[in-house]
Amino acid sequence: MFLLFILKVGCHVSIAGSIDNSVDNAVSKNCSAFQIFTRSPRSWNAKELNNNNVKKFKQKLLSSAIDEFSTIVHMPYLPNLASPSNIIYEKSIYALKQEASRCAKLGIHYLVAHLGSHMDSGETKGIRRLVDALKNVNEKDVMVLLENSSGQKNSLGYDFKQLASIFNRLTKQKFGICIDTCHVFASGYDIRNNHGIQKMFEEFDQYIGIENFKLLHLNDSKNKLNSNIDRHYHIGLGQIGEFGLSNIIKFVNKLKIPIILETPIDSIRNDLDNIKKTKELAYRD
């Protein structure tokens, strides 16, 4: 029987107009946690954060019911921290340091980072470059959360043993792990039943340590088990299904870990619908 705490759940929200608008957007979607990009995710360039907007962001967050450890920043899409290209690699390191600095300015503690692709240079070289890149983060109040991948070609961090080979070379106080359920399923972990869920978390604890699990990206999968395809789907309507996701939500909630949805918005469901479904599954017997 799971002991349930107040569920910390939300989605990725827009910062359009001003970064403080993200708090309004999160509240309007009944979020008790939320995730943002601090700038365009598809550009290397970032406007400097406006001090007045930063102040309003902090004030709005403080007046909301969302705590500081349930507010997440995600790295933009372009950086590849394992790239064999020196130009891309250096730009990626700069983007990582820049995002960590922006998090610190906003008072946000968690920064999610994809682990990148070795681009046919080999896993050994890719992991070495990735670890060296991650060590450039110096913001003492910002923790970088390494997100597992779906196992697409040349990607790193597709299983917990390899993820541990990266994580264990880093300073534990500065890094944590973000588990994405779609990525886990796509990379071969069968989380549709309790046996598979237990096996997955036991493996995570064995190689990494459950205390280093800081954030869940809750997404169903459009594609089948071990497909290595990263395609998110509505909660309970994909290949993982309601039973598996319900039990993962309950386990994660027991650990008081925030849950962020990155589900589609279409004619089937919007963010509010998927958040409502997540809450329903959290309290389902």
Side-chain angles (χ1 to χ4, degrees), residues 1-12 31-35 69-70 72 110 112 145-151 157-161 163-164 176-264 269 271 273-285:
M1 185 70 181
F2 289 98
L3 176 63
L4 291 178
F5 300 94
I6 296 173
L7 194 67
K8 297 179 180 180
V9 61
C11 58
H12 197 105
C31 294
S32 48
F34 69 97
Q35 179 176 276
F69 288 98
S70 300
I72 319 297
Y110 289 152
V112 176
L145 305 185
L146 314 182
E147 183 176 349
N148 63 302
S149 76
S150 61
Y158 51 80
D159 65 30
F160 296 142
K161 188 173 182 179
L163 192 56
I177 302 296
C178 168
I179 296 177
D180 186 300
T181 51
C182 174
H183 300 177
V184 159
F185 186 73
S187 66
Y189 292 89
D190 191 349
I191 53 173
R192 294 172 292 190
N193 56 69
N194 282 334
H195 174 73
I197 293 168
Q198 182 178 354
K199 185 178 178 182
M200 179 194 73
F201 281 118
E202 284 177 352
E203 183 178 324
F204 183 93
D205 193 39
Q206 175 188 353
Y207 289 115
I208 298 172
I210 204 71
E211 69 279 4
N212 297 304
F213 177 26
K214 304 296 183 182
L215 178 67
L216 180 74
H217 278 172
L218 185 74
N219 302 296
D220 212 323
S221 176
K222 183 74 171 176
N223 293 88
K224 294 181 179 180
L225 176 68
N226 209 25
S227 66
N228 301 130
I229 298 173
D230 178 12
R231 189 161 178 206
H232 300 182
Y233 205 55
H234 301 293
I235 303 303
L237 298 182
Q239 294 291 327
I240 302 172
E242 290 190 2
F243 184 84
L245 292 178
S246 175
N247 284 287
I248 288 175
I249 293 164
K250 291 172 185 176
F251 178 80
V252 169
N253 193 32
K254 183 181 177 183
L255 298 176
K256 303 182 183 179
I257 291 170
I259 298 170
I260 298 294
L261 281 62
E262 300 172 318
T263 43
R269 281 192 196 156
D271 286 333
D273 297 327
N274 278 303
I275 290 171
K276 181 180 178 181
K277 173 56 71 171
T278 300
K279 291 176 179 178
E280 176 193 319
L281 294 180
Y283 298 101
R284 178 177 293 184
D285 290 335

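Hydrogens, waters and symmetry mates play no part in the numbers below; they use all other heavy atoms, side chains included. For the single chain, residues carry numbers from 1 onward in sequence order.
In this structure, Y207 and A164 approach most closely via the heavy-atom pair O-CB, 3.4 Å. Shown here for K256 and K8, the closest heavy-atom pair between the two residues is O-NZ, 4.1 Å. Nearest approach of I249 to A282, heavy atoms of both residues: CG2-CB, 3.6 Å. Taking both residues in full, the closest heavy atoms of L145 and I177 are given as CD2-N, 4.1 Å, listed atom of the first, atom of the second, then distance. In plain terms, the two heavy atoms of I260 and H12 that are nearest each other are CG2-N, 4.3 Å. Here the closest non-hydrogen pair linking K161 and E203 is N-OE2, 4.2 Å.
Inter-residue side-chain proximity for R231 and C182 is flagged as unmet; no heavy-atom pair is nearer than 4.5 Å. The side-chain heavy atoms of E262 and Q35, taken from C-beta on, include a pair separated by under 4.5 Å. Side-chain contact between C11 and C31 is present, with heavy atoms from C-beta onward closer than 4.5 Å. The closest side-chain heavy-atom distance from D159 to S187 is not below 4.5 Å. Contact of the K277 side chain with the L245 side chain is not registered, since no non-hydrogen atoms from C-beta on lie closer than 4.5 Å. Looking at F185 and N223, their side chains never come closer than 4.5 Å, going by heavy atoms from C-beta outward. By the 4.5 Å heavy-atom criterion applied to side chains, L281 and E242 are counted as neighbours. Within the 4.5 Å cutoff, no side-chain heavy atoms of L261 are placed close to those of D271.
The line from CD1 of I257 to CG of L216 is 8.0 Å long, rounded to the nearest 0.5 Å. Between I179 atom CD1 and L146 atom CG the span is 11.5 Å, to the nearest 0.5 Å. Q239 contributes atom CD, which lies 9.0 Å from atom NZ of K222 (distance to the nearest 0.5 angstrom). Distance CG/D220 to NE2/H232: 10.5 Å, rounded to 0.5 Å. Here the CZ atom belonging to F213 is positioned 10.5 Å from the CD1 atom belonging to I208, to the nearest 0.5 angstrom. Once rounded to the nearest 0.5 Å, the distance linking NZ of K279 with CG of N253 reads 11.5 Å.
Taking a cutoff of 4.0 Å between a charged side-chain nitrogen and a carboxylate oxygen, R284 and E280 qualify as a salt bridge.
Remark: R192 CZ is packed, more than 12 non-hydrogen atoms of other residues, nucleotides or ligands lying under 6.0 Å away.
Side-chain atoms of N274 do not come within 3.5 Å of backbone N or O of H234 as any donor-acceptor pair.
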Notebook entry, point to check: Going through the distances and angles, do N194 and I197 end up as a side-chain contact (heavy atoms from CB on, under 4.5 Å)?
Noted result: CA-CA 5 Å; N194 282 334; I197 293 168; 4.3 Å; yes
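Under the side chain to side chain contact (heavy atoms under 4.5 Å, CB included) test applied with L218, the options T181, T263, D180, V9 reduce to a single match, T181. The ring-ring contact (aromatic ring centres under 6.0 Å, His included) with Y189 is formed by just one residue from the set F160, F201, Y158, F204; it is F160.
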